[in-house]
Protein chains: 2
Amino acid sequence: MPIKPLLNYIDKFVTLTEKEQDSVSSKVVYRKYLKGQYIVQQGDVCKYQCYIVSGCTRTFYVDENGQEHIIMFAIEDWWTSDVGSYITQTPADYNVQCIENTEMIQISYDIREVLFKEIPKLERFFRMIIEKGFVASQKRIVRNFSLSAKERYIIFKESYPKIEQRIPQYMLASYLGITKEFLSKIKSQLILEK
Amino acid sequence: MPIKPLLNYIDKFVTLTEKEQDSVSSKVVYRKYLKGQYIVQQGDVCKYQCYIVSGCTRTFYVDENGQEHIIMFAIEDWWTSDVGSYITQTPADYNVQCIENTEMIQISYDIREVLFKEIPKLERFFRMIIEKGFVASQKRIVRNFSLSAKERYIIFKESYPKIEQRIPQYMLASYLGITKEFLSKIKSQLILEK
DNA sequence: AAATCATAGTAATCTAGTTTAACATTTATT
DNA sequence: AATAAATGTTAAACTAGATTACTATGATTT
């Protein structure tokens, strides 16, 4: 069954009985998206918290000048959502778009509440994964302040070696908070330095 | 009893029985710090998640060049901690220091685990507050990328009108990710514009 | 195979924000 | 009240990164 990867993931944090696993499996939704499709669009309410089985998504924000700013990428074994919109069920600030054909397991807000009542251990699970997300987010703030664009690029490559090859360079530039031209310059500098 | 503000805060998210409230009160620790004292220091394990009853703290990171970068401020009715260190009980990346005399209610990691076992509803409570923190943290990343320093300063004033008067300007500059000299320039520009 | 579109590279010019350094003001200490 | 310490201001020179604009390449479509 295509829900297995999620159950394995949960099992790293809390232990569910077989019955509980079955209940989770029966309530979450497995779904495939094509490259280019949107999971959430700025202005819509974000319906799901999504565990990615395969593929890649980007979360981005379009500002008043029409400029895109990529907040995060997510690949297999990661989660994605517009958490702010999801937890308050209000219009999303961000877009989540598939940049590869992507398989994911989706948990709607209401279903998650049902699951929380039925399996209180899942409160613990979701607490633990959001804590991890919070820590990663704070680290990113620090890096953006204390490191140069070149250093941030190098750290990105080290931290997520799998992602760089899968995304266009202009998206990586946006994630790093620089223009595509400047990333291009950094890359040619790094080649010369060797 | 000095634990009441925390109980009021929790009550906004989950409802505890009187017995449960008593249990929380008996396990958490009320404590006063003087201006300048540290709650956590970079390299030590962060022992507590702290609810601030009164006062003000700053969380900052000292980089390899000895430069301080302020990640967040916290005032009464907020939480502070080095969450990464706290949840993994490994050395902290950040310092948390009181910048006013501060009263807080502290929950140690072990005590929190005991409370989770005894009162599973608290998993829900902590999940909810960390979700809020995560959302705020992501918003800050977006703002840092899409807004100029002047715009960030204006938004800070609007968002946290109480904080600016309580902290030295060089700390606000650090929080905004700019030098104190440049913040000074921004302020004089804003005065001229009126 | 031509044509279009999305992606990437290069280089000149420009600007937001940094650095350095000198000076001013406020707050704390004796 | 005098001195020192911490905080804030101003301005000139500098730099990381943006902007603009043109060229190159590969992928996709017709």
Side-chain angles (χ1 to χ4, degrees), chain A residues 34-37 56 58 60 62-70 73 97-101 141 143-157 163-194, chain B residues 34-37 56 58 60 63-70 73 97-101 141-157 163-194:
Chain A
L34 295 175
K35 181 176 174 172
Q37 287 190 303
C56 184
R58 64 171 180 147
F60 66 102
V62 181
D63 70 20
E64 307 76 46
N65 312 315
Q67 270 226 296
E68 289 183 3
H69 303 274
I70 295 184
F73 297 106
Q97 186 188 28
C98 298
I99 54 182
E100 292 177 3
N101 293 344
I141 291 175
R143 280 200 296 259
N144 289 344
F145 278 148
S146 57
L147 303 179
S148 68
K150 193 193 244 175
E151 291 168 317
R152 276 179 272 145
Y153 170 60
I154 292 168
I155 286 182
F156 177 85
K157 286 177 63 142
I163 296 185
E164 191 181 9
Q165 312 118 32
R166 294 167 67 171
I167 58 177
Q169 223 177 101
Y170 70 87
M171 286 191 190
L172 175 52
S174 171
Y175 175 85
L176 293 172
I178 58 178
T179 57
K180 57 194 187 344
E181 291 84 356
F182 193 57
L183 177 54
S184 192
K185 200 171 171 180
I186 288 171
K187 288 183 82 169
S188 59
Q189 274 175 20
L190 286 172
I191 289 165
L192 287 175
E193 281 171 21
K194 277 181 203 162
Chain B
L34 296 175
K35 180 175 174 171
Q37 287 190 303
C56 185
R58 64 169 179 148
F60 66 103
D63 70 20
E64 307 76 46
N65 312 316
Q67 269 226 296
E68 289 183 3
H69 302 275
I70 295 185
F73 297 106
Q97 185 188 28
C98 297
I99 54 182
E100 292 177 1
N101 293 344
I141 291 175
V142 172
R143 279 200 297 259
N144 289 343
F145 278 148
S146 56
L147 302 178
S148 68
K150 192 193 244 176
E151 291 169 317
R152 276 179 272 146
Y153 170 61
I154 292 168
I155 286 182
F156 177 87
K157 287 177 62 139
I163 296 184
E164 191 180 8
Q165 312 118 32
R166 294 166 68 171
I167 58 176
Q169 224 177 99
Y170 70 87
M171 287 192 190
L172 176 51
S174 171
Y175 175 85
L176 293 172
I178 57 178
T179 58
K180 57 193 187 341
E181 290 85 355
F182 192 56
L183 177 54
S184 192
K185 199 171 173 181
I186 288 172
K187 288 182 83 168
S188 60
Q189 273 174 21
L190 286 171
I191 289 164
L192 287 176
E193 281 170 22
K194 274 179 205 162

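Below, read A as the first sequence line, B as the second, and so on, with proteins coming before strands; counting in each chain starts at 1.
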Take atom [atom1] of [X] and atom [atom2] of [N], then tell me their distance rounded to the nearest Å.
{"X": "B:L190", "N": "D:dT9", "atom1": "CG", "atom2": "C1'", "result": "15 Å"}
{"X": "A:M171", "N": "C:dA8", "atom1": "CE", "atom2": "C1'", "result": "14 Å"}
{"X": "A:I99", "N": "C:dA6", "atom1": "CD1", "atom2": "P", "result": "16 Å"}
{"X": "A:F145", "N": "D:dA16", "atom1": "CZ", "atom2": "P", "result": "19 Å"}
{"X": "A:Q67", "N": "D:dG17", "atom1": "CD", "atom2": "P", "result": "16 Å"}
{"X": "B:E181", "N": "C:dG17", "atom1": "CD", "atom2": "P", "result": "14 Å"}
{"X": "A:Y153", "N": "D:dG17", "atom1": "OH", "atom2": "P", "result": "15 Å"}
{"X": "B:N144", "N": "C:dG17", "atom1": "CG", "atom2": "P", "result": "11 Å"}

Looking only at the side chain of [X] (C-beta and beyond, no hydrogens), which of the listed nucleotides [options] gets closest?
{"X": "A:A149", "options": "C:dA8, D:dG17, C:dG17", "answer": "D:dG17"}
{"X": "B:S184", "options": "D:dA18, D:dT9, C:dA8", "answer": "D:dT9"}
{"X": "A:F182", "options": "D:dA18, C:dT18, C:dA8", "answer": "D:dA18"}
{"X": "B:P168", "options": "D:dT9, D:dT7, D:dA16", "answer": "D:dT7"}

| said: Would you say B:R152 places a side-chain N or O within less than 4.0 Å of OP1 or OP2 belonging to C:dG17? | reply: yes

| request: Would you tell me if any nitrogen or oxygen in the side chain of B:T179 comes within less than 4.0 Å of OP1 or OP2 on C:dT18? | output: yes

| message | We want to know whether A:E68 and A:Y170 form a side-chain donor-acceptor pair, criterion being a heavy-atom distance below 3.5 angstrom. | response | no

| note | Comparing B:K185 with B:Y170, nearest DNA chain D nucleotide closer to 5' gives the residue B:Y170

| request: Anything under 30° is parallel, anything over 60° is perpendicular, the rest tilted; go ahead and classify B:Y175 against B:F73. | output: tilted

| query | Do any N or O atoms from the side chain of A:N101 and from the backbone of A:L34 form a donor-acceptor pair under 3.5 angstrom? | reply | no

| task | Write down the atom of A:I70, the atom of A:S174, and the distance for their closest heavy-atom approach. | result | N-OG, 2.9 Å

| Where is the tightest heavy-atom contact between A:A149 and A:F182, given as atom of each residue plus distance? | CB-CE2, 3.8 Å

| B:K150 or A:Q169, whichever maps to the more 5' nucleotide of DNA chain C | A:Q169

